[in-house]
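Just below is one structure, and these are the notes that go with it.
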2 protein chains.
Amino acid sequence: MSVKHALLSLLEQEPMYGYQLRQEFESRTGGTWPLNVGQVYTTLTRLERDGLVEAAGEDEDGHERWRLTESGHEEVATWFTTPVARTQPPRDELAIKLALAVTVPGVDVGTLIQRQRSASMTALQDYTRLKRQAGASGEASDLAWGLVLDSLVFAAEAEIRWLDHCEARLRRAATQEVPATAAAAAEQVTR
Amino acid sequence: MSVKHALLSLLEQEPMYGYQLRQEFESRTGGTWPLNVGQVYTTLTRLERDGLVEAAGEDEDGHERWRLTESGHEEVATWFTTPVARTQPPRDELAIKLALAVTVPGVDVGTLIQRQRSASMTALQDYTRLKRQAGASGEASDLAWGLVLDSLVFAAEAEIRWLDHCEARLRRAATQEVPATAAAAAEQVTR
DNA sequence: CGACACATGTAACACGTTACATGATTTG
DNA sequence: CAAATCATGTAACGTGTTACATGTGTCG
């Protein structure tokens, strides 16, 4: 869904051809989410099928460009004015993993948390390293990339805080409450 | 990927039948991520095809149960010992949206941010309301649900902080730097 | 009885990924 | 010239979603 709307937004600016769409997407997000070229073409086909884009003739170099239709413009407008729904949040693999690790007996939750924590710390360091490269040129795409990087940083920090919180919470569960599996899972954190 | 591993983890505890797997998954995650029953069956078929689960005969009530194979156990062990890779993070629709909103001319970024902010605040309030319901019973699944809820809370808080950060960053871009689109986008925040 | 939860499936579709095929153009 | 980048596509596959079909058991 993100790719579809991303392509439409880019075409809102001006008609573009397939390969160009990928370049624009990657430059504006700093290559954070690499976009397979093939997917651009298949998505464009589907968007044409759904009447959101249409062929707009060739440019000077003979590239087949695409432009938004009426519905396409509306779709973009709706996308930008409608907040991303957190009512049914996307599945978070880490949260699911931890929830199951806590309830399934025999899983070493303490080690799981520690491993994840150091992995997230590494990711965080990579982001801050990238941030130093991001600035300087002053282009609009760099502003965007900076914000994208910040979102990754904020998310990684939140993840680390949550992991610490989980560790503390499990430790508390181990000492206070003592029913069945919760205690068994929590024990492994206290070691 | 998450569903596949979630089902495998549940079967690590004991052999179960399809419908039961959905119930267990939803109770352990507090229904945060509703799981379509149909997907359980199709996933089980695929897992059998891949040699990770096998039929384990019927239980007392005539339900066809599934158990892990050797490879299945290994897969679960690997899942629990391998951190979730943040090296190539999943596409974040909000971050993509904002990155494009900033670089595509004519988008009212200020309003976008404010709308998203209030949507995220609402979600956050819903989570804290749910938290009050979550505690009390002291079962292991409630501990898990509590942690899942906390992860949503932490994520929502981080999102809100990031949105505020974006607003400030854009406001700064509007006053200091003055090149083309960045300024145009940032102007709308200052209004 | 009628509604609802339990229970098992299947079909069609949407989205995304990887890999492959093919050719033009650019650059060291 | 060789390699890399530009450029357009297609095929196969994995995962997930929705909707439908079908039947049993239970409870008000």
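Each chain gets a letter, A, B and so on, in the order the sequences are listed, and its residues count up from 1.
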Inset, instruction - Please name all residues satisfying salt bridge (Lys or Arg N to Asp or Glu O under 4.0 Å) with B/Asp59, sequence neighbours left out, ordered by chain then number. - result: none
Inset, instruction - Can you sort out the partners of A/Arg65 under salt bridge (Lys or Arg N to Asp or Glu O under 4.0 Å), two or more places apart, ordered by chain and number? - result: none
Find the distance [X]:[atom1] to [N]:[atom2] and express it as a whole number of Å.
{"X": "A/Met16", "N": "D/dA7", "atom1": "CE", "atom2": "P", "answer": "13 Å"}
{"X": "A/Leu7", "N": "C/dA14", "atom1": "CG", "atom2": "P", "answer": "17 Å"}
{"X": "A/Arg65", "N": "D/dC6", "atom1": "CZ", "atom2": "P", "answer": "19 Å"}
{"X": "B/Asp61", "N": "C/dA7", "atom1": "CG", "atom2": "P", "answer": "8 Å"}
{"X": "A/Trp33", "N": "C/dC15", "atom1": "CH2", "atom2": "C1'", "answer": "18 Å"}
{"X": "B/Leu47", "N": "D/dG14", "atom1": "CG", "atom2": "C1'", "answer": "12 Å"}
{"X": "A/Arg22", "N": "D/dA7", "atom1": "CZ", "atom2": "P", "answer": "10 Å"}
{"X": "B/His5", "N": "D/dG16", "atom1": "NE2", "atom2": "C1'", "answer": "16 Å"}

Using the side chain to side chain contact (heavy atoms under 4.5 Å, CB included) criterion, which residues pair with [X]? Sequence neighbours excluded.
{"X": "B/Arg115", "value": "A/Thr81, A/Pro83, B/Thr111"}
{"X": "B/Tyr41", "value": "B/Tyr19, B/Val37"}
{"X": "B/Ala156", "value": "B/Leu124, B/Tyr127"}

Inset, instruction - If a pair satisfies side-chain hydrogen bond (donor to acceptor under 3.5 Å, both in side chains) and one of its residues is in residues 83-93 of chain A, list it, with sequence neighbours excluded. - result: A/Arg86-B/Glu159, A/Glu93-B/Trp79
Inset, instruction - Would you tell me if any nitrogen or oxygen in the side chain of B/Gln23 comes within less than 4.0 Å of OP1 or OP2 on C/dC6? - result: yes
With the criterion being N/O to N/O and under 3.5 Å, what pairs connect the protein with nucleotides 8-11 of chain C, and how long is each?
residue: C/dT8; atom: OP2; partner: B/Tyr19; partner atom: N; Å: 2.9
residue: C/dT8; atom: OP2; partner: B/Tyr41; partner atom: OH; Å: 2.7
residue: C/dT8; atom: O5'; partner: B/Tyr41; partner atom: OH; Å: 3.2

Inset, instruction - Go through residues 49-58 of chain B and report each residue with a non-hydrogen atom lying under 4.0 Å from DNA chain D, sorted by number. - result: B/Arg49
Inset, instruction - Could you pull out all residues at least two apart from B/Asn36 that satisfy side chain to side chain donor-acceptor pair (under 3.5 Å)? - result: none
Legend entry - Residue pairs passing the salt bridge (Lys or Arg N to Asp or Glu O under 4.0 Å) test where at least one lies in residues 14-24 of chain B, sequence neighbours excluded: B/Glu24-B/Arg28
Inset, instruction - Would you indicate whether the side-chain heavy atoms of A/Thr42 and A/Gln39 approach each other to under 4.5 Å? - result: yes
Donor-acceptor pairs are to be reported for all side-chain atoms of residues 46-58 of chain A against protein atoms at under 3.5 Å, with residues two or more places apart or in another chain.
residue: A/Glu54; atom: OE2; partner: A/Arg67; partner atom: NH1; Å: 2.9

Inset, instruction - Any chance you could measure A/Gln20, atom CD, to A/Phe25, atom CZ, to the nearest 0.5 Å? - result: 15.0 Å
Inset, instruction - With a 4.0 Å heavy-atom cut-off, tell me which residues in residues 80-94 of chain B come close to DNA chain C, sorted by residue number. - result: B/Arg91
